[in-house]
Amino acid sequence: MRAYWELAKSSFRRHSTYRTAAVAGAFTNSVFGLIRASLLLSAITTAGGAIGGYSAMEAATYVWLGQALLAPLGLFGNTELASRVKSGDIAVDLSRSVNLTASYWAQDLGRAAFDVLPRGLPPLIVGALVTGLAMPGSPGPYLLGFVSIVAAVSLNFLGFFAINLLSFWVLEIRGFWMLYMVVMNLLSGFLVPVTWFPGWLLDFARATPFPSMLQTPVDILAGRTDGGESLAMVGVQFLWLAVLLVIVQMMVRFGSRRLVVQGG
Amino acid sequence: MASPRVTRDPHARVTNLVLLKLLVSARLRSQLAYRGSFLSDVAGQVLLGVTEFVELYAIVHNVSTFGGMTLAQTLVVFGLASVAFALGDLLMGETDSMSETIRSGKLEVLLVRPLPVLLQLATSDFQLRRVGRLLFGAAALVVALLLADIQWDPAKILLATITPLAGAAIFCALFLGAGAMQFWILDGRQFANAFTYGGRYVASMPGAALFFPIQIFFTFVIPATLVAYAPSLVILDLDGPAGIPAWTGWLGLPAAVVLSGLMLLLWRAAIKKYTGAGG
């Protein structure tokens, strides 16, 4: 356990050195937040009150929480593992005495822990100033929200990790990567809350793990759901966590048997 | 090696145009060589276009009009913006990852070659797969123009013709500026995304749905609404919001010229400023 803790800490420190990148990311997420908030608010004004269960203030809060959590939750992913397979460095990773998935997972949690404040706070401040935020007054949603965020970070990590692991079988994962990004961005509720979708698309989204990756922690944090409902949503997250974990472990197991590292 | 396909006089002066043709055709042949990979990439790009549309549709299907536009009218904006962005991305998308090029020392390789750096960048990653996005955008635009019930006249036809080209030039200029900016702020790639990808996002949506200050900024500072929304107002005979009056519909081309000029100057300053990575 100690090794993973150290990995998470060093990953935290590594990301804390890229300060300009954090500032740039916070700026861009705030600009996108302004655009998204104005589009959703305009539609709600035309509809006369609420769309998909979101009033104007709730939709604005949804946008700003989403923009704030975007980077910490890891919705952009990274191709580190795939490039290590390409370069052959994966051989070093596999010969280490730590579990491959767990070591990358720990590093991703370290990254998320750093990203929360510098990338999360600025969009929330901009949101509070421009549209205002409707945040709950009781501690419950924040506590459960924290659990939900950790679960969502893990889900996003495992999703991208599975795509990276495909590089054990194929030479170029770019096509799969792109496909995953496009579908995940839409179905996670990042662009528009999933309850705004037409019925057929909403049903489809709910049958996938994607809403658990963004919409769930955002809705819980905003206090849109009561205690029981929130607990059920976190339960769904953990269910998907178990499913993805099994898939990833199978991929590591069978993939590392297939893997051929050239040279030496 | 003599190739029967070379018809050019070997003693003729090699102009940039000849080189451009050579470079681009070599790139295209290499990309088409892996047919399966190429086709899946094109499919991915089409899917990207589809989700961008679904994103718009997910908002519009809840309301009768969005930013004062019907679904067919928003599709005109979406189609024009998609075509313009796909063209700009095809030509200049590579400058978006300029910090990578600088950091890895690739820029020095480009600088020592007797060719303009910009020309090499534009051809170094001429991604034919991005044509998938262009095809989807063009299809959406044609459908939209048929659905939107437009009273055509010569002026509108002229505007509809120059708009995708002016829009493409605007996105090229934005990508160029994004690339130039990364010479000063090496870690600032995401900063530039606010204007390039943020610009694409704004361009494909009805401008009237934006907050007033955002309208002004993305019309008169970063001319994103001039790419598709403002010309659409003229073509569809609609009145614009306070920040984007209908007369701005004809500003796309002049804005493209001015912005391209400014960004080229910025690019030259950036190349001059470059002092090497010690490679």
Side-chain angles (χ1 to χ4, degrees), chain A residues 17-32 34-48 50-52 54 71 76 119 130-131 170-172 174-187 189-199 201-202, chain B residues 34 36-52 54-68 99 129 181-182 185-199 201-202 205-215 217-218 222 224 241:
Chain A
T17 55
Y18 298 114
R19 300 218 176 100
T20 328
V23 173
F27 171 80
T28 300
N29 285 344
S30 303
V31 173
F32 269 88
L34 283 171
I35 302 170
R36 290 181 56 211
S38 52
L39 293 174
L40 296 196
L41 289 184
S42 159
I44 288 174
T45 310
T46 315
I51 298 178
Y54 288 82
F76 299 120
R119 294 193 189 232
V130 176
T131 60
V170 297
L171 281 174
E172 180 59 71
R174 194 180 58 206
F176 296 100
W177 177 270
M178 167 120 193
L179 196 72
Y180 180 80
M181 280 296 269
V182 165
V183 173
M184 184 266 283
N185 268 332
L186 183 70
L187 299 184
F190 162 52
L191 303 169
V192 175
V194 288
T195 48
W196 285 41
F197 289 167
L201 192 58
L202 175 60
Chain B
Y34 300 96
S37 155
F38 174 74
L39 286 177
S40 74
D41 279 347
V42 171
Q45 291 283 325
V46 173
L47 190 73
L48 183 63
V50 173
T51 49
E52 278 167 6
V54 172
E55 177 189 359
L56 176 66
Y57 180 75
I59 300 176
V60 185
H61 88 104
N62 286 302
V63 283
S64 52
T65 61
F66 181 41
S99 55
R129 67 195 153 93
M181 191 215 81
Q182 291 171 48
I185 316 171
L186 203 55
D187 277 330
R189 181 176 169 182
Q190 279 202 35
F191 184 74
N193 285 356
F195 308 109
T196 50
Y197 294 97
Y201 192 26
V202 167
M205 294 285 171
L210 298 166
F211 294 142
F212 179 70
I214 307 274
Q215 287 178 7
F217 180 78
F218 276 106
I222 304 289

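Computed from a predicted model, the values in this text were never measured in an experiment. Every chain is numbered from 1 and lettered A, B, ... according to where its sequence line falls, protein lines coming before strand lines.
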B:Val63/A:Ile44 under side-chain contact (heavy atoms from CB on, under 4.5 Å): CA gap, chis, key distance, verdict: CA-CA 8 Å; B:Val63 283; A:Ile44 288 174; over 6 Å; no
Closest non-hydrogen atom pair between A:Leu186 and B:Glu55, with its separation: CD1-N, 4.4 Å
Worked check of side-chain contact (heavy atoms from CB on, under 4.5 Å) between B:Phe218 and A:Ile35: CA-CA 10 Å; B:Phe218 276 106; A:Ile35 302 170; 4.0 Å; yes
Side-chain touch A:Thr46/B:Thr65, heavy atoms, less than 4.5 angstrom: yes
For A:Ser38 against B:Phe211, the heavy-atom pair lying closest together: CB-N, 3.3 Å
Minimum heavy-atom distance between A:Tyr18 and B:Asp187, given as atom pair plus value: CD2-OD2, 4.0 Å
Proximity breakdown for B:Leu47 and chain A, heavy-atom pairs closer than 4.5 Å: both
Contact origin within B:Gln45 toward chain A - heavy atom pairs under 4.5 Å: both
Spacing of CG belonging to A:Leu201 relative to NE2 belonging to B:His61, to within rounding of 0.5 Å: 8.5 Å
Parallel, tilted or perpendicular, as decided by the 30° and 60° cut-offs, for the rings of A:Phe32 and B:Tyr201: parallel
Heavy-atom side-chain contact between A:Arg36 and B:Met205 under 4.5 Å: no
Options B:Ala194, B:Ala208, B:Gly198, ranked by heavy-atom pairs under 4.5 Å with chain A, top entry: B:Ala194
